[in-house]
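Single-structure report; data block below.
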Amino acid sequence: MKLYEFQGKALFKEAGIPVPRGVIVTSSDSSGLFAPSVVKAQVLSGGRGKAGGVALVSTIEEAREAADSILAMELKGEPVKALLVEEKADIIREFYLAVTFDGEAGTPLFMASAEGGMDIEAVAEKTPEKILKLPADPLWGVTDYKIRALADFLGIEDKRAFADLVRKVWKLFREKDAVLVEINPLVLTGSGLVALDSKIEIDDNARPRLKALFDEKLAEQAAITGAVPEEDSGTITYVPLEGDVGLISDGAGTGMLSLDLIRDMGGEAADFCEMGGLTSPEVMYAAMDRVFSDKPRIKSLLVVLIGGFNRMDEMAEGITSYVRDHKVSIPLVVRLCGTMEEEGKVIMKEAGLPVYDDLLTAVADAVRHSGEGR
Amino acid sequence: MKLYEFQGKALFKEAGIPVPRGVIVTSSDSSGLFAPSVVKAQVLSGGRGKAGGVALVSTIEEAREAADSILAMELKGEPVKALLVEEKADIIREFYLAVTFDGEAGTPLFMASAEGGMDIEAVAEKTPEKILKLPADPLWGVTDYKIRALADFLGIEDKRAFADLVRKVWKLFREKDAVLVEINPLVLTGSGLVALDSKIEIDDNARPRLKALFDEKLAEQAAITGAVPEEDSGTITYVPLEGDVGLISDGAGTGMLSLDLIRDMGGEAADFCEMGGLTSPEVMYAAMDRVFSDKPRIKSLLVVLIGGFNRMDEMAEGITSYVRDHKVSIPLVVRLCGTMEEEGKVIMKEAGLPVYDDLLTAVADAVRHSGEGR
Amino acid sequence: MAILADRNTRVLVQGITGKSGILQTRSLIDYGTIVTAGVTPGKAGTTVEGVPVFNSAAEALERVEANAAISFVPPLFAKDAAMEAMEAGIKLIVLTMEGIPNHDVLDILAYASGRGVRVLGPGTAGIISPGKCKLGAHPARMYREGKVGVVSKSGALSYEVSKTLTDAGIGQSTVVALGGGPIWGTTQLDVIKLFNEDPETEAIVLLGEIGGGTETAAAEYIAGHVTKPVVSLIVGRAAPEGRSLGHAGAIIRGRAGTAESKMKALEEAGALVATTPARVVELIRKLG
Amino acid sequence: MAILADRNTRVLVQGITGKSGILQTRSLIDYGTIVTAGVTPGKAGTTVEGVPVFNSAAEALERVEANAAISFVPPLFAKDAAMEAMEAGIKLIVLTMEGIPNHDVLDILAYASGRGVRVLGPGTAGIISPGKCKLGAHPARMYREGKVGVVSKSGALSYEVSKTLTDAGIGQSTVVALGGGPIWGTTQLDVIKLFNEDPETEAIVLLGEIGGGTETAAAEYIAGHVTKPVVSLIVGRAAPEGRSLGHAGAIIRGRAGTAESKMKALEEAGALVATTPARVVELIRKLG
């Protein structure tokens, strides 16, 4: 779950990390607007500053104008529905500070740079030496010597205030099951260090143990976007694409392989839908529903199954009950093998549905059918 | 710093560990007395129950009588100055639970027994299998599987309440720099688990970082005993003994060796005074002052010094300034060697004080002088 | 020999009384894997498929021998179970479950690294050393004993390619799936080192995917140290840029993580590069 | 060879700019110990006795080589410094200071055991391998190169006995003091194992004291594994029962920790038992 800036800042405030005074407004009529101030689009994507989603205003009229104009924007496909209006900070220096984890090393990771406020990915690409990456032990966390190393790298003089802030960021990272806590920029002002922005992402896997947090933040997001809070989507990953061959797999690796093979054979996938390695008839059913609901005009559906932990009888049950419940008029190309393969094939056969053994043949047929359907 | 039961229970209460309702009284006239209740002597030593320091009373008259009688007691040399008067608990079962550390293994250690309320040292000696000793990683602490192991061993059914209690005990152990947190007995009552006694010892080494806690608890102890709160005694260990050969050493090992040799040669030490391996002129001076103040009638003083980290010039300075400031009329037998030995010997010589090289000769002379002085 | 799991492997199944636990234990035993104990707190004294169940790993190891654990414990309890197994002395832990909170995975790996424990996963299909030991989901029929070592992040892709090899008469020494999560205990590089040292492995198949840098790290090692032929297949060539396709690792981060850059790095390291499982078979065949 | 410290030892001094740090660095260098770096946060760029000072252990190890650290850092900062040295890759840490909070010591040892680091102390006089390396407080003049290994909890007692040996013309391979606190990173048993395997050590002197069970544990090991002669001296025979005499370990816990019980256990294990340093010399002499 990615949090909006204002949501992240609420967590910062709760954790004792200094943030500017600010209010959330959803229209230019709001009595909350004030000036001078900074008016900032609340979106989940990055790069809003460059796209005009942030305005510095000196008068209340300017604030209204800025609010009107930003609320009319769409940033990276995301319509702006709310603004954070904050006091300006008297910035002396800007830093970048984040804690996340390095999946390949398997450790938490601090990242810091004196090039704060900038596009940090550009810094990482062009001048990687300007970013300090400091691995941390998950339990020991930020020891004093690591804080000294960060402070020395950033050239921060008030080490005590910085140490306090870093410890609070770490505590937030651990206690809120964050996969990312980023402050860009962290600014030094006349009155100390202040988090001028916030980017926080909470681990969806932790939803069961952080139910109250998820409920609250998702409700806030829904109130802004008008969308219903997302249900826990289980293990299904769904990515809509541009083609007309529907695709469902029970593994990301075989899903991507199928995607490659569809293209190699001259077709184009309509989606990438992956169910995870341990699924059930209900998940299979839900996956088909997802694809058909989002892409009603696909020309064929390729289902690539190779069962390890998941059972082919269950997959066949999911497919056949979906076909029973819905009128599926396009060709269904199901490659099914692995655990309980025989049982699955019997179920498919009883439902009058063909089954493939070979992946290449299945992909070729799915692509062919999509061509025929055009 | 050992805590009285009532002080430990205040920490328990603060930590959310259930304790019986109780009041501290220092006289039998106190309006705090109530009945039925348990009246318990507040002393730092153990075994008060067997010695009559605990009384179960049914009426307020009995409570007054018990208070009078217990306040007149001396338990293991410690006069009883305060009583904890507590509500009786409806005991269903009694357990022993403690967390301390195993110095030789270098790990924290949980100890639990279903033989609570008993003399746990007797249990440990006679039926060691009735005590579960469970090492813990200092940072990981009490993982769920360790709590299950403890609960299974004790036969506790309400694992949730027990888990909560164990986690709080662990947190107290870590956050208060405790070297021992012992609950004996921990009792199961109709309304859940209750800590019926408390034995807590806080690490004196942690005094600088737990100043407020030490100040508070030592002031409470002083208010009860009438003694001035003990100053941080630094590294000096002083144990009064029965003989007439004063003894000071700059290491526990050589101190004990000297003790043995004094006895082997027919003498008897008046004390054991050890300064630690990294001392100063001030510590040397203080050590002599400690011995002479406590044992003004010693017949000779043996000082055994062998300098590694500590400097012999500094030791000689400490000795000579003590001799300069006080009239020392008994024979001073100083064995001095090691770091800065030459400089130390010069200082001693200038002050007209003899120096020994050989330990056996020094001990023999100290013992001989003590005989002469009789 | 094979790597990681062989005829000397004695398996402890954690979460053995759950639905997956029972089904998978059956499948391991059917394959001939020696399962000596199961653990589910509170279920001591029962058996699952003839395997005795204990309340804790420590209790199990007092009574039976085990040198590997496979866990089917629900995600939120996976960390406690893993630590329990490690403290009891297990040195190889296969975490099959997806959905373990990332901080719990970090904790597990920190605990493991301090104890010299190898963790496979989480979210892994596990290990199969055909004809010797199956310690995971791998569908038995798709494998046969042989001399090709296969490593893959994705379980399904490892089945797919192994099946193609098997159908072509080419057997495997060991097939290892690393798991699809954003954090892995064992990497491609770790497994390639083991294959390189394993006398029973004569060729290595590296199955990779877009995102991250572990295949590139493996390529560097292959160039400098691997004496055996390596055939690679990187999937995700047709994946849209910047979109997550399931494995959180499979997000393109700059140019370094594209399928093209990985294929290039592997080619430069001397590996043979395929784009389909069938082509992997052809390349292995050509090696002789 | 010697054990723990020898001519290959390269020393990092933590807390080098403090009073003890400066004095002891001088004393190590005077002895011929190779001190390659010092660390005191904020003092980078200065030198102490010609040794370059860095802000952190990591910084130091980027610039110079070091395989051992000796710490003179004040007690409340000792844990942070020890972890810093360990994370930087140091595998032997000598903690000289007394008064480190016990929980900090527990943390240091947990961190060390996960990283294969040997911790000596806290509160230790350290190590001397006469003629090769001094890594601690041992007063140089009391030692000479030779073939007797000495291990003691107490620093002063190790000096005393070594001095007596040296005065009698008997040299030492290595002398190790373990430290006086209630928790030790390295035990008598650990050191005896090392001496037993060290080709330069021909006899072992074990100096013990009342309290605890480490000498008894060492006795068990001696009985079963040690092929070299062991001479022991246990102090505290005249100590009053149940009174702490400085070392918190030196509290009589039941009969197990008495001087008599330890002497008995060692005698039964085949060790020779002395009651004075002079007698230790006699017994060593008799060995030939």
Side-chain angles (χ1 to χ4, degrees), chain A residues 101-108 121 124-125 137-140 173-174 177-179 203-206 208-209 234-235 237 239 241-242 249-264 268-269 272 274 276-278 304-311 337-339 341 358-360, chain C residues 20 23-24 27 75-76 96-103 105-107 109-110 113 123 125 136-139 142 152-160 163 180-185 187 207 209-210 212-214 217 235-240 243-250 254 275-278:
Chain A
F101 60 82
D102 177 347
E104 296 174 13
T107 61
E121 284 164 33
E125 199 171 318
D137 185 294
L139 278 186
W140 298 96
F173 174 68
R174 289 288 289 175
D177 270 298
V179 293
D203 184 359
D204 290 320
N205 290 347
R209 68 183 175 201
T235 59
T237 301
V239 180
L241 300 172
E242 308 304 320
S249 68
D250 60 353
T254 45
M256 281 190 268
L257 174 63
S258 305
L259 209 60
D260 294 349
L261 295 177
I262 289 170
R263 201 185 60 182
D264 290 350
E268 207 180 339
F272 178 89
E274 188 258 315
L278 176 54
V304 177
L305 302 171
I306 187 157
F309 287 130
N310 59 329
R311 296 161 51 162
C337 63
T339 305
E341 176 178 327
D358 180 57
L359 180 60
L360 280 177
Chain C
S20 303
L23 184 73
Q24 291 300 321
S27 131
L76 289 184
T96 67
M97 301 304 292
E98 295 184 350
I100 303 175
N102 286 300
H103 281 267
V105 179
L106 293 170
D107 288 356
L109 297 184
S113 94
H138 304 271
M142 299 183 190
S152 170
K153 199 153 153 49
S154 159
L157 187 58
S158 75
Y159 313 158
E160 190 76 45
K163 177 175 178 286
I183 316 175
W184 324 284
T187 65
L207 304 176
E209 63 190 44
I210 52 169
T214 50
V235 301
R237 291 175 288 120
R243 302 288 263 294
S244 172
L245 298 185
H247 291 179
T275 55
T276 67

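Just so we're on the same page: letters track the sequence lines, and every chain starts at 1.
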**Study point:** Residue pair A:Phe272 / C:Pro240, side-chain heavy-atom distance below 4.5 Å
**Key:** no

Review point. Is there side-chain contact between C:Met142 and A:Cys337, with at least one heavy-atom pair below 4.5 Å?
Key: yes

Review point. So, A:Phe173 versus C:His103, ring centres under 6.0 angstrom or not?
Key: yes

Check your understanding: Contact part of A:Asp264 toward chain C, heavy-atom cut-off under 4.5 Å: side chain, backbone, both or neither?
Key -> side chain

Check your understanding: So do the side chains of A:Met256 and C:Leu157 get within less than 4.5 Å of each other, counting heavy atoms only?
Key -> no

Point to revise | Proximal component of C:Ala217, with respect to chain A [non-hydrogen, under 4.5 Å] | key: neither

Review point. How long is the span from the OG1 atom in A:Thr107 to the CD1 atom in C:Ile183, to the nearest 0.5 Å?
Key: 9.0 Å

Point to revise | Leading residue by heavy atom contact count with chain A [cutoff under 4.5 Å; candidates C:Gly185, C:Gly136, C:Gly99, C:Ala278] | key: C:Gly99

Exercise for review: Compare all side-chain heavy atoms of A:Asp260 with those of C:Thr275 and state whether any distance is below 4.5 angstrom.
Suggested key: no

Point to revise | Proximal component of A:Leu360, with respect to chain C [non-hydrogen, under 4.5 Å] | key: side chain

**Study point:** A:Ile306 CD1 to C:His138 NE2 distance, which is reported to the nearest 0.5 Å
**Key:** 11.5 Å

Review point. With only heavy atoms counted, which part of C:Leu109 is less than 4.5 Å from chain A, the side chain, the backbone, both or neither?
Key: side chain

Check your understanding: What part of C:Thr214 gets closer than 4.5 Å to chain A, counting heavy atoms only: side chain, backbone, both or neither?
Key -> both

Review point. Where do C:Val235 and A:Gly253 come nearest, in terms of heavy atoms and distance?
Key: CG2-O, 3.7 Å

Check your understanding: Tell me, side chain or backbone of C:Glu98 under 4.5 Å from chain A's heavy atoms, or both, or neither?
Key -> side chain

Review point. Sequence neighbours excluded, which residues qualify as side chain to side chain donor-acceptor pair (under 3.5 Å) partners of C:Asp107?
Key: A:Arg174, C:Lys79

**Study point:** Distance-minimising heavy-atom pair for A:Pro138 and C:Ala110
**Key:** CG-CB, 3.4 Å

Check your understanding: Do C:Pro277 and A:Leu257 touch side chain to side chain, with heavy atoms closer than 4.5 Å?
Key -> yes

Revision key, fill the gap. Correct closest heavy-atom pair for C:Pro139 and A:Gly307 would be CG-O, 2.8 Å

Exercise for review: Name all residues meeting the side-chain contact (heavy atoms from CB on, under 4.5 Å) criterion together with C:Leu23; count only those two or more places apart in sequence or in a different chain, and write none if there are none.
Suggested key: A:Arg311

Study note, to complete from the structure: If you tally heavy-atom pairs under 4.5 Å between each of A:Ala206, A:Gly255, A:Ala178 and chain C, the highest tally belongs to A:Ala178

Review point. Hey, which of C:Ser152, C:Pro75, C:Ser158, C:Ala156 has the most heavy atom pairs under 4.5 Å with chain A?
Key: C:Ala156

Review point. Which atoms form the tightest heavy-atom contact between C:Pro101 and A:Arg209, and what is the distance?
Key: CB-NH2, 3.2 Å

Point to revise | Segment of A:Phe309 engaging chain C (4.5 angstrom heavy-atom cut-off) | key: both

